[in-house]
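Sequence lines set the chain letters: A, B, ... in the order given, protein chains first and strands last, and positions in each chain run from 1. Since we're looking at a predicted model, the values are computed, not measured.
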2 protein chains.
Amino acid sequence: MGRITINDVAKEASVSKSTVSQFLNNRYEYMSEETRGKIAKAIEKLNYQPNIVARSLKQKSTKTIGVIVANIVHTFSTHIINQLEMHFHEQGFNIMVCNAGDEPKREREHIEMLIAKQVDGIIAFPTGGNIDLYKRLYESRFPIVFIDRKIDSLPIPSVLLDNLLASSMAVDAFVKKGYKQIAIITNSIDQPITPRIERLAGFKEALEKQGLPITEQHIKAVPVDEVQETIEMLMKDIKPDAILAANDRVLIELLRYVRKKGLKIPQDLGVIGIDEVPYASFFEPPISTIEQPADQIALQASTILVKQISNQYESNSQSIYRFDPLLNERQSY
Amino acid sequence: MGRITINDVAKEASVSKSTVSQFLNNRYEYMSEETRGKIAKAIEKLNYQPNIVARSLKQKSTKTIGVIVANIVHTFSTHIINQLEMHFHEQGFNIMVCNAGDEPKREREHIEMLIAKQVDGIIAFPTGGNIDLYKRLYESRFPIVFIDRKIDSLPIPSVLLDNLLASSMAVDAFVKKGYKQIAIITNSIDQPITPRIERLAGFKEALEKQGLPITEQHIKAVPVDEVQETIEMLMKDIKPDAILAANDRVLIELLRYVRKKGLKIPQDLGVIGIDEVPYASFFEPPISTIEQPADQIALQASTILVKQISNQYESNSQSIYRFDPLLNERQSY
DNA sequence: TTGTAAGCGTTATCAT
DNA sequence: ATGATAACGCTTACAA
């Protein structure tokens, strides 16, 4: 098994290997019932499996897609991977999953490896580094779609959340309930990451629109492992009455802190998290979240990529695809 | 980019392609400083990337591993995938992730596709179907490692939790606190799945050892979407004072039910879940879990697979690798 | 309707 | 120290 080739089948069926190849590719048009049967029997008997590597070399298509996530620890990444696996599988593709761990260097290595392995396309959550590389790929018309982030200088199709709206939905929700001292916490990374930047910008904008004062003290961007101490400072300092957790990781830290201090949500602190989390609905109290429509995002991205691969994609169309967040109103604010 | 081959490099550097190949494979031994420089420059200039598909065809190694999970919805699967990606990446392999969705048919298609794509090895959470296929692979000495499940008739290395111990740890913990009416709920699938069977068996055994009566009414195996109604019946029926959720999906349903009914944990109901969940530590109350050492399991599995691939694996050694669960004692019982 | 032969981009063997 | 040449297993004109 695996060892046996089209030649063995040809011999077994006493036909030429090109005939077998025809058979394999379902080109029965000019094939006699008899040969067809012989070949089928030979394949069955030898338990033949075509070598797709050889086929790929010839056809210049591997039917595999590279997926590079910025950081696999986010539930969003995982969710997207699951959905991509499903959609691409339906389209006859396998996916190679790579994790950049927020490091541009690892991202670059992954991209180069994927290209070397001749994947038919790449879906990436770009770290923000490697713009040059993506530029080269774009210029050579290599199929790429970005998810979650975009690179402003490149018209690569990017499928992402309307982050400004996400933040403002949260702020508006808070304000409606009477919260006045609203803070936002996001985890920082070296690179300027689209969702972080946009969520921060949206937050400021929304506060402004609501006529609330904006101070830098209400806006914190720190590494995940510093989130707790940051909240601690925040609580001592400006005493916010509501906090927006900019993603699922931050939300966890926030909830840990709340429990550690015995705070009551929403009485002592209003909480909203961006990114839906599995426990939100049965938490005490249920946590309100701003959900990214990950399913739609993954579907859109895979659809565009498949179109690019089959040259069906109109590159003159818009390159940014925004999806509206969904507010899951629960009882945490 | 991608379009240019070793021939182009050879021409650019005015050497033969075999020399370039030597260079690419770091066989500098008999190579003059000069040619080395020329080739390096040409590669740089042309931005050459070797075609690994062609290399794979020749070398019969793709440096990629197929990973087939039974069902990607479990946090355990996701956790394992993340760890495998990391370990294999360190060893120079990429992973192709496939989801069988608990369907043997899909599993079979995935295996066949992976074999056709000439992966160097497979890590699988076998659904329980396709024993024949695995048998063939095993007999042809194809590198495979199972995670989470085993197939009794096949000596394929299998890395999994000591499920008996996991159940008994839970039962013992419950008993120690005075619980008497202990039930277990697992989600059923058609096939006889190792962890389910073993956790159920371990549960019965532990009850026996504790001198508690065993009735089939305390043991429920139903599809996830029927878990809630099953608990409902259970509560009306035998009124358990403690429930062991056999995995993370069941735990979620259980917690949903508890919240819906306004039950108090642990006063009204003791709860332990097998599988660690992200929210366990800051839930109200913190949920006790029996954690699978996913990191160790993934490491062990990848290590064995890599050994098999490089013929370093002693197949006469044991084929079942058990890992001890870890009880995270929190306040839910 | 089926077979021959070239070619995909490498690596590997063997000359030179 | 470097180059010709034959594989690797398949597809695809083109011949027959």
A:L24 atom CG is separated from D:dT11 atom P, nearest whole Å, by 6 Å
DNA chain D nearest-nucleotide lookup for B:S16 and B:K60: closer to the 5′ end is B:S16
- Do side-chain atoms of A:R106 reach the backbone of A:N99 as a donor and acceptor pair under 3.5 angstrom? yes
#### Entry: Sugar-phosphate, base or nothing in reach of A:K17, heavy atoms under 4.0 Å
base
task: Using only heavy-atom distances, determine whether the side chains of B:K63 and B:N94 contain a donor-acceptor pair under 3.5 Å.
output: no
note: B:I39, atom CD1; D:dG3, atom P; distance rounded to Å ~ 8 Å
Rounded to whole Å, CD of A:Q22 lies from P of C:dT2 at a distance of 10 Å
Considering only heavy side-chain atoms of B:T5, the closest of C:dT10, D:dT11, C:dG3 is C:dT10
Of D:dT11, D:dG3, C:dT10, the nucleotide closest to the side chain of B:V15 is D:dG3
Classify the nucleic acid contact of A:S32 as base, sugar-phosphate or nothing, counting any heavy atom under 4.0 Å across all strands shown.
sugar-phosphate
Requested in this report: Indicate, with a heavy-atom threshold strictly under 4.0 Å, whether B:T35 touches base, sugar-phosphate, or nothing.
Outcome: sugar-phosphate
In whole angstroms, the gap separating C1' of C:dT10 from CD of B:Q118 amounts to 15 Å
Does the distance from a Lys or Arg side-chain N to an Asp or Glu carboxylate O, for A:R36 and A:E33, drop under 4.0 Å?
yes
TODO: Output yes when at least one side-chain N/O atom of B:Y48 is less than 4.0 Å from OP1 or OP2 of C:dT10, else no.
DONE: yes
Taking D:dA7, D:dG9, D:dT11 as options, the one with an atom nearest any side-chain atom of B:K58 is D:dA7
| message | For a quick test of reading the model: is some side-chain N or O of A:N25 closer than 4.0 Å to OP1 or OP2 of D:dT11? | response | yes
Taking D:dT2, C:dT10, C:dA12 as options, the one with an atom nearest any side-chain atom of B:S18 is C:dA12
*asked:* Do A:E107 and A:Y134 pair up side chain to side chain, a donor and an acceptor below 3.5 Å, judged on atom types alone?
replied: yes
Between CD1 of B:I6 and P of C:dC8 the distance, given in whole Å, is 14 Å
Any carboxylate oxygen within less than 4.0 angstrom of a Lys/Arg side-chain nitrogen, looking at B:D120 and B:K60? no
Between CG of A:N51 and C1' of D:dC8 the distance, given in whole Å, is 8 Å
Original post:
With the threshold set at 4.0 Å, does a side-chain nitrogen-carboxylate oxygen contact exist between B:D8 and B:K45?
Top reply: no
Whole-Å distance, A:Q59 CD to C:dG7 P, equals 18 Å
Rounded to whole Å, the CZ-C1' distance (B:R55 to D:dG9) equals 18 Å
Walking DNA chain C from its 5' end, the first of B:V53 and B:T19 to be reached, judged by nearest nucleotide, is B:V53
With sugar-phosphate meaning primed atoms plus P, OP1 and OP2, does A:F23 contact a base, only sugar-phosphate, or nothing at under 4.0 Å between heavy atoms? nothing
Taking D:dG9, C:dT11, C:dG3 as options, the one with an atom nearest any side-chain atom of B:L57 is D:dG9
